[in-house]
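Worksheet: one structure, shown below.
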Amino acid sequence: MSVTSFPSTSKAPTQVGDRRARGALIQTTLVVALICVMLLSLGWGAASSTDVIGALGAKFGVGTANLRDMAIVWDIRMPRMVTGALVGAALAVSGAVMQGLFRNPLADPGLVGVSAGAGLGAVAAIVLGGLLPAAFQAITGSYLVPFAAFLGGWASTLVLYRIATQGGRTSVATMLLAGIALGALTGAVTGFIVYRATDDQLRDLTFWGMGSLAGATWLKLMTAGPIIIFTLLSAPFLARSLDALALGEPVAAHLGVDVQKMKRLAVLSVAASVGACVAITGGIGFIGIVVPHLLRLVQGPVHRTLLPNAALLGAIVLLVADMFSRVVVSPAELPIGIVTATLGGPFFLWILLKNRAILES
Amino acid sequence: MLDAKNISVAYGNRLVLDDVNFIAQAGQVTAIVGPNGSGKTTLLKAITGEVKCSGETRLDGRILAQMSHADLATRRAVLPQSGNVAFPFTVLELVRLGLTNGCATTDVAAMDALPHAALARVGLSGFEGRYVQELSGGERQRVQLARVLLQIWEPVLDGVPRWLFLDEPVSALDIGHQLMVMQIARDFAEAGGGVIAVMHDLNLTAMFADHVTLLNQGRVKGDGQPHEVFTDDHLSACYGCALRTNTPPPFGGTWLLPQAASQWMEVAE
């Protein structure tokens with residue numbers, strides 16, 4: 001019936017080229033894996049697994065557990081595990097959304113200025129926080145740094161968005177270039193503040209930049225969590241639009257996508273959630289680029305399955321990295337950014353080299 | 001009916017379209033022709049709402065500028081001149097993007113099989129699993145056409161015609177596929193839909209178009225049926241070279257093409 005002679009495959013014709021089923025299978029696998037990793041994360045460390053199970057049950061009135069185990073599981077590990085899962089998911093989804101928006105597999109949330117802005121906010125809070133009135137310091141306490149980081153990231157993205165938007169249209173290319181300019185400026189201001197920092201402050205700055213889940217508390221989670229969850233929930237609404245956007249903005253519009261609306265939602269929700277992530281865990285790189293890229297290789301670029309799977313895999317990767325960070329230099333902890341980069345860098349390189357042929361075609 | 005009145009478009013200080021009036025009827029193939037840089041593609045972009053323009057376009061009575069993206073997507077599909085795809089989509093995944101607004105057909109049960117039907121329509125059955133990036137230019141152009149056809153699979157929906165906007169749909173195709181694609185456009189029009197195509201090939205235009213608008217330097221230089229517009233004077237003036245059109249004689253007349261003659265009488269020997 002067709003003029004082409006294409007080698008027939010054993011699959012039913014309706015399944016060839018259709019990776020929806022594979023995406024769903026991967027999703028199921030990832031859900032199971034995430035649950036395992038979450039449980040493992042709770043049981044990881046000094047308290048024995050029976051104590052952990054006891055403590056989990058005791059919370060719901062099943063059996064009893066001593067106060068120490070209850071505290072370890074519910075006040076330390078649980079918020080840490082939930083934070084890790086949410087942050088990992090948000091970073092991976094944000095990466096995938098940014099890549100879709102910029103139509104480039106190398107895009108990451110840093111492109112909308114959120115990282116540079118958050119960095120400036122955090123540095124300013126660490127170094128200049130002491131200059132604030134004592135009463136203000138008493139109220140904000142240890143939340144000054146995350147708060148400032150979130151504010152800085154959000155403000156920086158808003159400025160960038162305003163610059164790139166003219167006559168109701170946001171130019172992605174302008175945003176990219178203005179982001180570089182703004183990043184340089186932010187970096188200069190950050191550098192100036194760092195130059196003025198004391199030795200102790202420099203140490204704080206360095207560790208903040210490497211990222212850690214160790215500071216996770218229920219209170220921090222309560223403030224950042226809703227923002228992150230909002231992004232995760234809004235992502236499915238972006239999926240179809242992002243697919244259409246792969247064909248370019250005019251084509252997406254012809255397909256019925258309100259491109260301007262989706263850009264605004266994408267940029268602002270990514271800025272909010274990445275800002276929230278950076279605020280509570282510091283700088284954790286790498287997940288936003290590698291997780292979506294890996295998934296695209298195995299299940300294709302269709303966002304309807306890519307986004308949820310990225311959330312799941314992102315959560316898994318960060319929780320696994322966190323477990324490593326807890327044991328490598330035990331009893332101390334390695335900053336998690338170091339772990340993600342050490343594990344992820346070579347792995348990513350290996351994947352890239354293996355798929356060189358596809359990438360270069 | 002698509003009715004565009006007083007369309008002007010300026011890129012910077014340069015006026016690309018100057019007070020153009022353009023009408024296309026549903027049930028017909030309307031071609032926009034003219035030399036390079038005459039404003040053909042810009043006119044297409046103006047009447048699809050892709051570029052800002054002065055003047056007013058009405059699509060079946062409704063003002064284009066006031067219709068939402070979703071609304072427009074149910075009424076018309078647009079095939080751009082070139083389209084690069086950002087990520088490694090398979091052919092099937094790309095064609096399926098035509099279902100983005102979900103209004104290809106009212107028969108929801110048939111929806112999942114439609115992408116395959118659309119691929120078969122453009123002669124690409126069996127290409128479902130190929131990566132778009134691996135295809136030749138002509139194949140890619142037909143994949144995009146399949147996506148566009150899928151978007152408005154039924155040429156008439158709820159009694160209202162739908163529109164196919166094609167920007168040089170045959171530019172990368174061999175002669176067989178050129179005929180195939182033009183036939184698709186014809187069939188769509190004959191089923192009640194409207195087709196507006198930017199064309200370079202004047203012979204194909206004469207064969208398949210019901211109505212032609214000839215542009216030059218951003219102005220309309222001719223408008224009507226192909227035989228009315230494609231006169232020696234019109235074409236020579238617009239394209240900047242001496243052109244001669246020909247028509248075969250009425251049925252029964254003998255017609256010789258001197259180019260087809262051979263030098264010596266080899267056949268007789």
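Labels below follow one simple rule: chain letters A, B, ... track the order of the sequence lines, proteins then strands, and each chain is numbered from 1.
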Whatever's closer than 4.5 Å to a heavy atom in chain A on B:L97 counts as both

Side chains of B:I32 and B:M199: does their closest heavy-atom pair fall under 4.5 Å?
-> no

The interface call for A:R296 against chain B, heavy-atom contacts under 4.5 Å, is side chain

Checking heavy-atom separations under 4.5 Å from chain B, one finds in residues 170-182 of chain A none

| message | Can you see whether A:S94 engages A:S273 through a side-chain donor-acceptor pair at a distance of less than 3.5 angstrom? | response | yes

If you tally heavy-atom pairs under 4.5 Å between each of B:A113, B:A86, B:A73 and chain A, the highest tally belongs to B:A86

*Pair B:E128 + B:R130, salt bridge at N-O below 4.0 Å*: no

Item to complete: Tell me, yes or no, whether the heavy-atom count around B:I175 atom CD1, taken from other residues, nucleotides or ligands under 6.0 Å, exceeds 12.
Response: no

Next item on the list: Examine B:R14 relative to B:Y11 and say whether NZ or CZ is less than 6.0 Å from the centre of the six-membered ring and inside a 45° cone about the ring axis.
Entry: no

Highest number of heavy-atom pairs under 4.5 Å with chain A among B:V132, B:N101, B:T90 belongs to B:T90

Under 4.5 Å to a heavy atom of chain A? For B:K45 that would be neither

Okay, B:V85 and chain A: the region with an atom under 4.5 Å from a heavy atom over there is both

- prompt: CZ of A:R103: more than 12 outside heavy atoms within 6.0 angstrom?
  reply: yes

The interface call for B:A77 against chain A, heavy-atom contacts under 4.5 Å, is neither

| said: Quick check: do A:I289 and A:Q99 have side-chain heavy atoms less than 4.5 Å from each other? | reply: yes

If one checks every heavy atom of B:D112 against chain A at 4.5 Å, the contacting part turns out to be side chain

Chain A shares the most heavy-atom pairs under 4.5 Å, among B:G49, B:S68, B:A70, with B:A70

Whatever's closer than 4.5 Å to a heavy atom in chain A on B:L94 counts as side chain

Honestly, the part of B:R76 sitting under 4.5 Å from a heavy atom of chain A is both

(message) Is any side-chain heavy atom of B:Q66 closer than 4.5 Å to one of B:I63?
(response) yes

Quick note, salt bridge (charged side-chain N to carboxylate O under 4.0 Å, His left out) partners involving residues 254-269 of chain A, not counting sequence neighbours, are A:E249-A:K263

Side chain to side chain donor-acceptor pair (under 3.5 Å) pairs touching residues 150-159 of chain B, sequence neighbours excluded, are B:T105-B:E154

Max heavy-atom pairs within cutoff under 4.5 Å with chain A, candidates B:V148, B:V78, B:L72, B:V91, goes to B:V78

Here the salt bridge (charged side-chain N to carboxylate O under 4.0 Å, His left out) pairs for residues 171-190 of chain B, sequence neighbours left out, are B:R121-B:D187, B:R186-B:E190, B:R186-B:D210

*Do A:V257 and B:H69 come close enough that some side-chain heavy atom pair is under 4.5 Å?*
no

